[in-house]
Structures are given as C-alpha cells and as structure tokens.
Amino acid sequence: MKVPLRWLEDYVDISLPIEELTRKLTFAGLEVEALRYVGLPLPENPERLEAKVAGLEWDPETVVVGEVVEVRPHPDADRLVLADLRLGTEQLTSVTGAPNLFPYRGQGPLAEPLTVAVALPGARLIDSKTGEPRRFEPATIRGTLSAAMICSERELDISEAHEGVILFGPGSAALETPEPGTPLADFIGDVVLDIAVTPNMVRTASIVGVAREVAALTGSELRLPSLDVEMTGPPTADMIRIDIRRPDLNPRFTATLLDGIEIGPSPYWLQLRLLLAGMRPISNIVDLTNYVMLELGQPLHAFDYDVLVERARASGSEVPTIITRMPDPGERLETLDGVDRAIDDFTILVTDEMGALALGGIMGGGESEISDSTTRVLLEAAAWNFINIRRSTQAQQLSSEAGYRFSRGVHPADAPRGNLRAIELMRQLAGGTVYQGLVDVYPQPHHDSVVEMPFGEVERALGIEIPREEVIRILEALEFGALDDGDMLRVTAPDHRLDIGEGVIGIADLMEEISRIYGYERIPETQIEDAIPPQKGNPELETEEAVRDLLVDLGLQEVVTYRLTTPEREARARKTGSEPDARPFVELKKPISEDRRVMRHELLPSVLEIAETNARRDGLAIFEIGQVFLAQEGEDLPEEPRRLAIVMAGLGERGNWSRGEPKELDFYDLKGTLDGLAEDLHLEDCVFEAAEHPTFHPGRCARLRVGGEEIGVFGELHPRVRAAYDVPFARVLAADLDLEKLQAAIPERYPVHGISSFPPVVEDLALVVDDGVTAAAVESCISRAAGDLLRAVELFDHFRGEQIGEGKKSLAYRLTYQSDDRTLTDQEVAAVRQQVVAAVEQQLGGRLRS
Amino acid sequence: MLEEINQAEREALEALEAVGSNDELQAWRSLHLGKKSQLKQQLKNLGRLSPEERPVVGKRTHEIRQRLEASLDARRDELEAARIEASLAAEALDVTMPGRPVRRGRLHVSTRTLRRIYAIWAEMGFQVYRSRDVESDEYNFQLLNFPRHHPAREMQDTFHTTTDDVLLRTHTSPGQIRVMRENAFDADGTPRADPDPIRVILPGMCYRYEQITARSEIQFNQVEGLAVGRRIRMSDLKGTLTDFARRMFGQDTRTRFRCSHFPFTEPSAEMDIECFLCGGEGCRVCKHAGWLEILGCGMVHPVVLANGGYDPTVYSGFAFGMGPERIAMLRHGIEDIRQFWANDLRFLEQF
Ligand SMILES: [Zn+2]
C-alpha cells in the first residue's frame with residue numbers, strides 16, 4: 001500500500017519526523033518497505049531507515065510554481081510555442097512543444113493564467129529521453145532563448161507521463177494554488193510510504209486504515225471523512241432492484257444513482273494522489289471509485305445506468321434488477337481487461353435478467369462499464385465472502401485491486417460508507433444530481449465479535465502489567481468498543497474488522513492489538529517459570545549423528561543433496577537392461593523445473609551426482625545421510641526411511657612432494673571404511689558376503705549383514721554404470737545402506753576386555769588353499785580351531801604364483817596368542833598351531849606353506 | 001727415572017691433542033696405557049729401583065696413569081660431542097616445506113549449524129523432534145490455522161504432489177501438531193487429563209515453490225521451536241530467544257522484536273539481532289541497517305493449541321522458526337545459497 005503523507009495528513013496530524021513514523025509503523029506490523037521522496041530532500045542516512053529510499057529532490061530555488069500568462073506562436077517552428085511565464089516579479093519565456101499548451105496559442109494574455117511547474121537554470125531534473133538526472137540549462141531553440149522549462153511529470157519524477165506539461169488547473173480545498181515563485185516542493189512535495197500489508201491487516205490497505213494506526217501509535221486524533229451527501233433526486237429505490245441469491249457469499253449490496261454527470265479528466269490534485277498511490281488516472285468517475293477505495297478500503301464499481309436500463313427493457317422490464325447469483329453452466333463473461341472468461345461454478349456473479357455483468361468483487365464486465373458518453377452512474381458497493389473471492393481470483397488468475405481487498409476480507413459496514421463518500425465526490429467533481437436514498441440490501445447482518453477479557457489476562461499473556469487506562473486507550477484508538485466492567489473488560493470489535501474472534505481466540509486477537517500498539521520493546525525479557533518437561537532425548541538422532549561423526553573420522557566429507565530428482569536420473573545408477581524401478585514416486589503436480597519433479601527413491605544416485613560435480617578433483621570420499629520417499633499403496637503419505645550412501649573414487653590421498661605416487665582407491669578402501677564403521681559402532685555378528693546388484697561390478701560387490709539382517713550393498717560400480725557418470729575415475733566405489741537397520745544393530749552396551757599382564761606370543765602362519773576358499777572361511781576356521789588362547793588373527797599377505805601351484809593361493813596370517821593367567825609355553829603354542837593346521841587341512845583342504 | 005716418566009706423560013698428552021677419531025683414540029690408548037706402553041714397562045722395572053726411589057716412582061707412575069685415563073675419557077667425550085654436532089647439522093630439514101596432508105572428513109555446513117542450534121536449545125531443555133517431509137494439507141496448513149483458500153497461504157508458495165492434499169512441507173510447523181498430539185493423547189486416542197508441558201525444536205528440510213537463485217532455494221532446512229506450558233508469556237518468548245541469540249551470536253548480542261504475522265501464532269514477531277559483523281554500526285551484510293533478521297516467532301495461536309489437544313484456556317506457549325542456512329550465510333559471508341546443495345568440495349572443505 002502506497003501512502004502519500006499529504007493525503008494521510010487529511011485524517012491524522014503527524015508530529016513525528018518521518019524516520020520515527022516509519023519505525024513506529026514497522027514495529028507495529030505495518031512494515032514500511034520503501035520511502036519515495038517526491039521533491040522533498042532525501043534523508044541523510046537512508047540506510048538507517050531500513051527501507052528502500054528513492055526519489056528526486058526539487059531544489060526550492062530553481063524548481064518553482066509559475067503561471068503561464070500568454071502562449072505565443074513560435075516565429076520559426078509550427079511544433080513549438082513560446083510560453084510567457086510569471087514567477088513572482090520575474091517574467092520569463094519558455095520555448096516548449098507541450099501539446100496541452102497548443103490550445104492556448106495565439107489567444108493573447110490569458111484571462112485565467114495556467115499554473116505550471118517551472119524549472120530554472122541549474123535545476124536538477126530527470127531527462128525525459130534517458131530517464132537519468134540532468135541539470136536544466138537555458139538554450140536557444142530555433143532562434144529563441146528558452147530561459148525556463150515547463151515540466152512534465154516525467155521530468156519531475158512523479159510518473160512516466162511526458163505527453164504534456166503539468167497543468168495544475170484551478171485551486172481546490174485539497175490543493176490550494178500558491179503564489180507564483182513558490183518552491184514546487186512546498187506546493188506538492190510529498191513522501192510516499194510503501195507499506196507491506198500482511199494478509200491479516202487488509203484494513204491498512206487504505207489511507208484511513210493507516211491513519212487509524214498512526215493515531216493509535218502517536219495519540220493523535222483520527223478525523224474520518226464526511227459521509228454527508230447532497231441527495232436531491234427522486235428515490236433511488238424506484239430506479240433499481242437488488243436480488244441477492246447467496247447471502248453467504250454476498251452478504252450486502254448497496255447502490256446509489258447519480259444523474260447528469262459529465263465525464264472528463266479529474267482535477268490535478270486527485271490525479272496526483274492516485275499517481276503517488278500507484279494508480280493511473282483515467283477519468284473522473286473511474287478515478288473516484290479508485291480514490292475512495294484507496295481512501296476507505298471499500299472497492300466500488302460504477303455501471304453505466306443507461307446500459308442497464310436498455311438491457312432491462314430488452315428483457316421486458318422497466319426497472320433494472322441486479323441479481324447476484326451462482327453462474328449457469330457454461331456461462332461466460334468478457335471482463336474489463338478484455339478477456340473472455342469461462343466462469344467456474346463457485347464464482348459468484350453480478351448479473352441482471354440478461355446475464356452476467358461482473359465477477360462479483362473482482363472485476364466488472366466490458367459492456368456496462370463507464371464510457372465517455374455516460375450520463376447516469378449506478379454506483380455499487382458490496383460485501384463478499386473473502387474465501388470465495390480468493391478462490392475465484394486464483395482460479396481466474398486475475399489480480400485486481402478490488403479482488404485483492406475482498407479476498408482478504410472487507411467488512412459489510414464499509415459498503416455504505418464507501419458508496420456515500422464516492423457518490424458525493426462524484427457529484428462535486430462530475431456534476432449531476434444524486435437520487436434520494438441508498439439502496440441497501442443486507443440480508444445477513446454481520447455480528448461484530450464481543451470479547452470478555454479479564455484484565456489479568458494482559459499480564460498472564462504478555463508478562464507485563466499495562467495500566468487499565470492504557471489498555472482502554474489503545475483499543476478505543478483502534479475503534480474497539482471497550483467497556484470497563486470491574487475485573488472484566490467487555491470489548492466489541494470495530495465494524496471495519498473481520499479478523500477479531502471471540503472467546504480465547506478473541507483474547508489472543510486483543511493481545512496482539514494491545515502489545516503491538518503498546519510496543520513489543522516495552523515487554524520485558526523473562527525466563528519460563530514452568531518446570532522443564534520430562535527429558536526424553538532423541539536416540540534415533542543421537543545414533544544418526546554418531547554415524548556421521550564416525551564417517552567423518554574415517555576421512556569422509558558429508559554432502560547434502562536435493563531430495564527432488566527424476567526417475568531418469570535415478571535410473572543412471574542401474575546398468576541398462578536391469579529391471580526398471582516400477583515403484584510409484586511422490587510426484588510434484590507442478591515442478592519448478594523438469595529435472596526436479598519427483599521425490600527420490602534412492603539416495604546413492606544423488607551422491608553419485610556430487611561425484612560428477614567434483615570430477616575435476618584427484619579423488620573424493622563423500623557420504624550423505626537422508627530420507628528417501630517411498631509411496632505406499634493405499635496411503636496418501638509415503639514412507640520416509642533414512643539411508644546412508646558412500647561414494648569414493650580417485651586417489652586416496654593428496655599427492656605430496658615427499659610421497660610416491662598416491663594409490664587409487666579400490667574395493668578394499670571402501671571395505672576398510674565399512675570395517676571401521678562396524679568396529680566403532682561395536683556391531684556384533686557382522687558378515688560380508690559376495691553379492692550381485694544392478695549397480696555394481698558382479699565380481700566386486702558385497703552385502704553387509706549384521707545379526708543376519710541385511711544392512712546394504714557396496715562395491716565397485718559396474719563399468720556401464722560408471723560410464724553413465726561423467727567422472728574421470730577408473731573405478732568408483734559406492735555403498736548404499738539402510739541407515740535405520742544399521743542403527744537398530746548398534747548394541748546399547750558393549751563390554752571391553754581387560755589387558756593381560758602376560759606376554760603374547762605372535763606367530764606367522766602361511767596357508768595354501770584353493771582359490772575358491774574365501775578369506776572369511778579361512779579366518780573362521782582358524783578362530784574355531786585355535787580356541788580361547790587366540791586373541792587376534794590378521795591377514796598380512798596374499799599371494800598367487802607358480803611356486804604354490806595353479807588354482808591355489810597363499811594367505812599369510814599373524815596369530816596372536818595370549819592368556820590372562822599365565823605365560824604361555826612353547827608346547828602350548830605348538831599344540832594350538834597343530835590344531836589350526838589340522839583344521840585347515842581337514843576342513844578346507846589346505847596346507848601349511850613350506 | 002722420574003724424569004723419563006714425566007717426559008712420557010708430556011708426550012702422551014701432546015699426542016692425545018692430535019687424536020681425531022675413535023680408532024686413533026684406541027691406538028693412543030694401547031700405545032700409552034696398554035701392556036707395552038712405557039708406563040707398564042716402568043712398573044715392571046720398579047723392582048730394579050732402590051728402596052728409596054721405588055715408592056716415589058711408583059706413586060708418580062700411578063698418578064700419571066690416572067691422569068692419562070681421565071684425559072682419554074675427556075677426549076672421547078669431546079670427540080663424541082663433535083660427531084653428534086656434525087651429524088645434526090647434516091640432518092637439518094627445511095621446516096618450511098609443506099607437511100604431509102592427512103585425509104580427513106568434515107560435516108556439511110548445514111549439519112554443523114544444526115548441531116550448534118541443537119546444542120544451545122538442549123541446554124535450555126528443548127529436545128529434538130523430527131517429522132516427515134511429505135505432509136498433508138491438513139497438518140501443513142489447516143491445523144495450523146491456514147484454512148483452505150485463506151489469504152495467508154499466499155505467504156508460502158507450495159509444491160503440491162499429484163495426490164490431492166499431499167504436499168511438500170513448507171515449514172516444520174506440522175511437527176508442532178504432531179508433537180502436541182503425541183503428548184496430549186494416549187496411543188488409543190484418549191485425551192490425557194494433564195498432558196506434559198512441551199519444549200522441543202523441530203528441524204528438517206522444507207520446500208517452497210520458488211525459482212532457484214542466489215537468494216532463494218526450493219529446499220532449505222528450518223528449525224522450529226515450541227514451548228507449551230501452563231504459564232508461558234510473551235516476555236518468556238523474548239527472554240528465551242534473546243538467551244538463544246546470545247549463545248549463538250555472542251554474549252553482547254542485542255535483540256529487537258517487530259510485529260509480524262503468522263497464522264499459527266498471535267501475537268507474532270520477527271526477531272532481529274544487532275549485526276554481529278559491524279556491531280550495529282552498519283555494514284554490507286546488514287545492508288547498513290545495523291540489524292539482521294534472524295527468526296520469526298510468536299505466541300501459539302489458541303486454535304493451534306486446541307488442534308494439538310491442549311486446552312487454550314489452561315495452556316499457552318510460544319513458537320519460533322529459523323533458517324540454519326541463512327544463519328550460516330550471515331556467519332560466514334556466503335553470498336549464494338545455491339552453494340549449500342551444489343556440494344562443491346572446495347566450498348564444503350572450508351568449514
Ligand atoms: Zn552489519
């Protein structure tokens with residue numbers, strides 16, 4: 001809402017500096033987003049205002065009010081005239097091509113001089129061609145010196161208009177014409193506050209609404225505009241009938257009639273106010289519907305009454321009837337913006353017997369709009385259900401000033417106010433006679449909320465005792481009714497607000513009003529007095545964070561990726577020809593871009609894409625923990641299990657002057673990472689077994705099971721999957737784990753072993769077995785055979801070669817034996833070794849390598 | 001006789017001066033102190049001397065022997081010291097050459113920021129409660145006092161899914177209802193007579209239908225907070241959030257509260273903190289205002305309390321919501337929010 005200060009001052013005196021006013025409004029919930037200085041000097045520290053500040057200052061010496069006393073033809077140019085100007089005692093001539101001065105050319109001295117804005121040499125203005133500021137300098141144009149310039153709106157940075165110069169026209173109550181030579185800034189200089197109106201505060205989408213807030217915040221008095229109308233015509237009720245079919249959607253409809261108007265431009269003061277408030281002046285009647293909407297917040301609609309009469313006659317009646325109703329199937333309407341619209345079945349229409357006239361509360365139709373030849377105006381001011389209006393504006397994708405206000409809720413009591421205010425202004429500015437009486441159909445009178453509020457509630461809710469008189473002052477300044485009834489305050493909501501409830505909701509609504517006007521900054525800072533609730537912790541989060549920490553300790557960088565993706569992107573992580581992902585996705589109805597249109601099924605593809613992002617690096621080791629989204633048959637909401645994905649590729653360490661060639665990461669680096677994770681999580685019964693999966697190399701893929709439960713798969717990407725990603729790495733390692741199962745496998749407690757004080761015996765044992773025998777089988781065979789004395793088994797060498805024969809491999813283990821209660825003898829160790837070798841021979845068909 | 005052994009001592013000591021290595025030291029030792037040395041010979045010949053001379057020469061010989069041995073030890077130490085000195089010089093390193101890098105991992109900056117927020121709130125008794133990303137219209141809007149077609153919905157551009165009334169949550173506030181209902185009702189839906197007060201924070205990923213630019217993202221983390229109890233006042237909201245701000249941004253941090261609007265709180269406010277970069281003097285980050293907008297907050301709306309199963313005539317509460325990415329951007333001078341999910345390791349490794 002753009003609020004010109006001069007207009008605001010019609011309704012409230014403002015004693016505060018603009019900076020202070022801005023701050024007060026912003027802190028009270030009317031955020032002043034921008035300040036536009038029109039002609040007035042800009043503040044010295046605009047940043048401190050915390051609002052965008054812009055504008056052009058008019059130098060009081062060189063930008064002044066002047067009078068054109070005569071317009072003479074230019075001796076050498078048809079498209080130019082010479083305007084003789086009077087500025088106080090001074091007389092100057094301006095050479096100008098302004099078309100709106102041409103009608104005065106050659107009339108001799110004007111009986112009524114034209115009041116204009118004049119720039120003198122050195123004045124800083126906006127260049128009408130470039131839009132940039134520049135200084136005006138006198139120049140000789142076609143042989144005649146132009147000593148001053150008569151300004152257009154564009155040159156003064158009032159609007160973009162540059163078709164002619166500003167002609168202020170005769171003075172009025174709103175804009176008294178000053179003496180020539182007066183600084184222009186003193187005459188029309190202004191500051192426009194641009195206020196962001198929150199959805200609950202549509203009452204401040206009007207100048208009076210803002211004035212009311214200013215009055216409450218500063219203690220000034222609010223002056224409401226007069227609603228007196230000079231009504232001298234015949235009864236309006238004989239001229240129009242109103243039929244409301246859906247009072248729930250259209251609770252009130254009012255009409256007045258004005259006969260004998262003359263359509264023409266609005267006086268300049270009105271045009272200027274509309275311009276500064278962000279609306280384009282059109283003609284007096286239309287401008288006044290807009291003016292009163294901006295002033296009071298009540299949107300209005302003016303019909304050409306004679307069009308309605310013609311339509312009524314065509315349907316066989318003398319008196320037009322306005323019917324507000326739901327649309328007939330297939331009903332259409334061409335709105336003022338020239339769009340032929342199909343009407344949704346929930347959109348309420350303003351119609352007559354012939355059909356649709358307007359989208360109720362949103363926009364009028366083209367046929368019945370005001371034209372240059374209109375002489376009789378039927379002025380409508382109505383009330384509409386805001387939810388319904390919003391639904392219709394959304395469905396029609398139609399934004400209008402009326403729709404904006406009605407979709408946020410305009411009180412039905414505003415309808416007669418707006419109507420009376422506007423019809424009287426129309427009468428004054430466009431002439432004519434107002435018919436007797438306001439036709440007012442109000443089948444469903446609005447009940448204004450009544451709130452019973454104990455005074456103690458203020459302290460209970462806000463934590464501060466605000467004096468009773470101050471509470472009442474605040475509420476009354478906002479036009480609430482406030483009845484002091486002992487310990488209870490009986491509050492009635494004002495008849496311009498729909499956002500106040502009753503009961504506990506009403507009390508909360510009043511607390512907001514009281515606290516924001518009293519000032520949030522005056523509420524103290526206290527500590528919660530209630531006891532701290534039972535502390536339950538969040539074990540699921542705690543172990544998740546523990547997994548993150550361990551992976552970081554193991555040298556992995558965490559990433560966080562988009563949870564929106566596409567099925568195609570996920571399919572890249574499976575080799576072609578594998579079973580496609582047939583599970584349904586959670587899919588966006590209207591994605592912002594095609595490559596983010598479903599919620600992911602899998603985590604690993606997202607992390608693989610990050611490997612692509614970082615493909616220029618020598619190597620990387622990254623992981624992510626996050627949700628995937630699995631739509632469930634028969635359920636609206638998907639399951640959102642959390643997963644863990646790891647990707648490693650390239651060099652395992654950064655190159656360094658002192659190290660040899662760094663080694664490329666391979667399967668066993670990833671496995672080592674998972675070993676480390678399993679060890680540090682103290683997982684019991686961890687089993688790695690060969691596996692197959694469409695993402696992975698068939699010979700380099702493993703499954704991790706903990707306690708028999710499958711946690712996930714990992715390995716080297718299948719070469720065809722790797723090729724689907726734009727990465728320079730020969731091998732890409734990846735793990736895709738079910739985080740929740742992993743967390744479930746973490747034991748709550750784990751014991752630690754005492755440290756034996758007896759020396760260990762360490763022995764190396766090289767065993768030759770068939771290639772097909774896994775290391776895990778050998779190790780478990782050793783462990784079982786060696787019994788309690790075996791403390792550690794470590795595979796330290798792996799060898800294939802002629803010496804040991806075709807199809808064989810040698811696995812060298814370092815075995816550590818130790819006892820808690822004695823030093824082991826050579827005989828004891830020898831006996832264990834014999835058991836181990838015998839077991840390997842018998843169970844695995846292996847032998848001791850000699 | 002005496003003269004001879006004194007001469008031998010002088011010669012031995014002179015020779016020792018010239019010794020430069022352990023081997024030479026060994027040779028010197030056998031020459032001057034060994035079996036064939038002059039001293040040993042003298043001692044063997046002691047019997048030939050007169051009884052008067054014998055003790056004098058014997059004593060003197062013993063003295064010389066001790067002196068030579070002491071000198072030998074001293075010389076050996078000298079040589080050892082010189083040898084170590086020489087090898088140390090040869091072992092000197094260029095200490096300015098770079099160290100060997102250790103491969104280490106790091107947490108994502110969002111995780112780091114979230115954890116800092118968790119930790120501060122945990123100390124104030126606020127525990128973490130997480131809920132789902134894909135939500136119903138009912139939980140994301142209706143129960144939070146955004147009726148259908150309500151204008152307040154315009155404040156949150158929403159990703160709807162192809163299932164009616166299923167959307168990507170626009171804020172973590174639906175968790176407020178979920179956590180209240182968990183406390184207010186038994187598993188079978190029976191209302192509890194005296195539900196526990198609540199202090200939780202609700203972190204999670206949220207989604208908004210917005211163009212991805214340097215300033216806006218389609219997904220972002222949010223941390224909401226909720227305190228519900230029998231006597232919670234707006235002054236408690238101010239005090240608690242100011243405590244948080246001081247822990248998060250420094251003990252001298254000043255806060256201010258501006259009136260704002262959220263359908264699920266009333267009164268509602270925005271909390272600003274005095275810019276921690278310029279101390280309120282004005283800088284580029286705070287756009288010269290001296291203040292930074294940090295979070296939205298307010299007293300829980302009675303409709304929301306009632307929807308959560310808490311009687312608004314008995315209970316009151318406050319709620320707040322902040323964006324960890326925004327906080328991280330302010331703290332680290334990050335100018336482009338897209339860097340968070342782009343995951344360029346050169347960005348992530350700086351934290
Ligand atoms: Zn700053």
Side-chain angles (χ1 to χ4, degrees), chain A residues 26-29 47 50 198-200 387 390-391 407-408 461-464 504-505 508 511-512 515-516 520 523-530 532-534 536-538 541 548 552 555-562 586-589 592 610 613-614 620 627 629 636-638 640 653-654 656 658, chain B residues 100-101 103-108 110-111 125 127-128 132-134 136 149 151-152 159-163 166 196-199 205 209 218-219 227 229-236 238-240 242 256-261 266-267 269 282 288-289 301-303 312-313 341-345 348:
Chain A
T26 295
F27 275 71
E47 298 89 5
E50 298 182 49
T198 54
N200 60 326
I387 296 283
R390 182 165 185 275
R391 197 174 169 203
S407 69
R408 283 161 175 74
L462 304 180
I464 183 172
V504 275
I505 298 170
M511 285 310 142
E512 175 166 74
S515 58
R516 72 184 183 87
Y520 284 3
I523 295 173
E525 289 171 5
T526 56
Q527 300 301 319
I528 303 176
E529 286 173 6
D530 282 18
I532 289 188
K536 293 173 187 158
N538 190 329
L541 176 68
R548 279 198 178 90
V552 164
L556 274 67
Q557 165 73 52
E558 189 193 15
V559 299
V560 179
T561 62
Y562 286 105
V586 173
E587 194 175 345
L588 297 185
K589 194 183 265 174
I592 201 119
I610 300 307
T613 308
N614 291 283
L620 50 82
Q627 285 95 310
F629 302 87
D636 279 350
L637 300 178
E640 302 185 356
E653 55 196 20
R654 273 189 284 151
N656 181 262
S658 74
Chain B
R100 256 169 230 122
R103 193 187 86 192
R104 51 161 298 195
R106 287 176 177 80
L107 292 169
H108 191 279
S110 292
T111 304
Q127 307 194 39
V128 177
R132 52 173 45 261
D133 286 18
V134 180
S136 64
H149 303 291
F159 279 120
H160 296 277
T161 73
T162 48
T163 307
V166 174
D196 285 333
I198 295 174
R199 282 189 215 179
M205 202 64 91
Y209 185 86
I218 53 170
Q219 85 177 28
R230 286 172 176 269
R231 236 195 90 75
I232 290 184
R233 306 156 298 180
M234 194 163 170
S235 56
D236 298 334
K238 284 188 70 178
T240 309
T242 299
R256 67 179 194 187
F257 294 78
R258 284 178 290 118
C259 177
S260 187
H261 174 66
E266 188 175 37
H288 303 281
H301 197 283
V303 166
T313 62
W341 317 138
N343 293 294
D344 188 319
L345 299 185
L348 297 181

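Just so it is clear: chains get the letters A, B, ... in the order the sequence lines come, proteins before strands, and each one is counted from 1. Here the structure is a predicted model, which means the values were calculated and not measured.
When each of B:Asp196, B:Val303, B:Thr163 is checked for heavy-atom pairs under 4.5 Å with chain A, B:Asp196 comes out on top. Counting heavy-atom pairs under 4.5 Å between each of A:Val586, A:Thr26, A:Leu541, A:Leu620 and chain B puts A:Leu541 at the top. Note on A:Gln527, A:Arg548, A:Arg390: by heavy-atom pairs under 4.5 Å with chain B, the leading option is A:Arg390. Options B:His288, B:Gln127, B:Arg258 differ in how many heavy-atom pairs under 4.5 Å they form with chain A, and the most are formed by B:Gln127. Ranked by non-hydrogen atom pairs under 4.5 Å with chain B, the options A:Ile387, A:Leu462, A:Thr526 are led by A:Thr526. Ranking A:Glu640, A:Lys536, A:Arg408 against chain B, the residue ahead of the rest is A:Glu640, based on heavy-atom pairs under 4.5 Å. In terms of non-hydrogen atom pairs under 4.5 Å with chain A, the most contact-rich of B:Arg199, B:Arg231, B:Arg104 is B:Arg199. Between chain A and the options B:Thr313, B:Thr111, B:Ile232, the largest number of non-hydrogen pairs under 4.5 Å is found for B:Thr111. Contact count against chain A (heavy-atom pairs under 4.5 Å) is highest for B:Leu345 among B:Asp344, B:Val128, B:Leu348, B:Leu345. When the candidates A:Val504, A:Thr198, A:Ile464 are compared by the number of heavy-atom contacts under 4.5 Å with chain B, A:Val504 comes out ahead. Here A:Val560 is the residue among A:Thr613, A:Val560, A:Asp636, A:Leu588 with the most heavy-atom pairs under 4.5 Å with chain B.
With a 4.5 Å cut-off on non-hydrogen atoms, B:Pro267 touches chain A through its backbone and its side chain both. Only the backbone of B:Ser260 comes within contact range of chain A, judged by heavy atoms closer than 4.5 Å. Proximity to chain B (any heavy atom under 4.5 Å) is shown, for A:Ala508, by both the backbone and the side chain. At a 4.5 Å heavy-atom cutoff, the contact between B:Val166 and chain A is made by side-chain atoms alone. The contact between B:Ile218 and chain A is made entirely by side chain atoms (from C-beta outward), counting heavy-atom distances below 4.5 Å.
Using a distance-only test at 3.5 Å, with no hydrogens or angles considered, a donor-acceptor pair links the side chain of A:Glu558 to the main chain of B:His108. Using modelled atom types, no side-chain atom of B:Asn343 and backbone atom of A:Asn614 make a donor-acceptor pair closer than 3.5 Å. A donor-acceptor pair is defined here as one N or O able to donate and one able to accept, closer than 3.5 Å; no such pair exists between the side chain of A:Arg391 and the backbone of B:His149.
Nearest heavy-atom pair, B:Ala269 versus A:Tyr520, reported as atom, atom and distance to 0.1 Å: CB-CE2, 3.5 Å. Looking at every heavy atom in both residues, A:Tyr562 comes nearest to B:Trp341 through CE2-CD1, 3.5 Å. Of all heavy-atom pairs spanning A:Phe629 and B:Val134, the tightest one is CD2-CG2, 3.7 Å. The heavy-atom pair separating A:Pro533 from B:Pro197 by the smallest distance is CB-O, 3.1 Å. Residue A:Leu556 comes nearest to B:Arg103 through the heavy atom pair CD1-NH2, 4.1 Å, listed as atom of the first residue, atom of the second, then distance. Nearest heavy atoms, A:Ile592 versus B:Phe159: N-CE2, 3.9 Å.
Atom CZ of A:Arg516 and atom NE2 of B:His261 lie 12.0 Å apart (nearest 0.5 Å). In this structure, B:Arg230 CZ and A:Glu529 CD are separated by 14.5 Å, a value rounded to the nearest 0.5 Å. To the nearest 0.5 Å, atom CD of residue A:Glu587 and atom NE2 of residue B:His160 are 15.0 Å apart. A distance of 11.0 Å separates CG of B:Asp236 from CD of A:Glu525, quoted to the nearest 0.5 Å.
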### Task
List the steps and the verdict of side chain to side chain contact (heavy atoms under 4.5 Å, CB included) for A:Gln627 and B:Arg132.
CA-CA 9 Å; A:Gln627 285 95 310; B:Arg132 52 173 45 261; over 6 Å; no
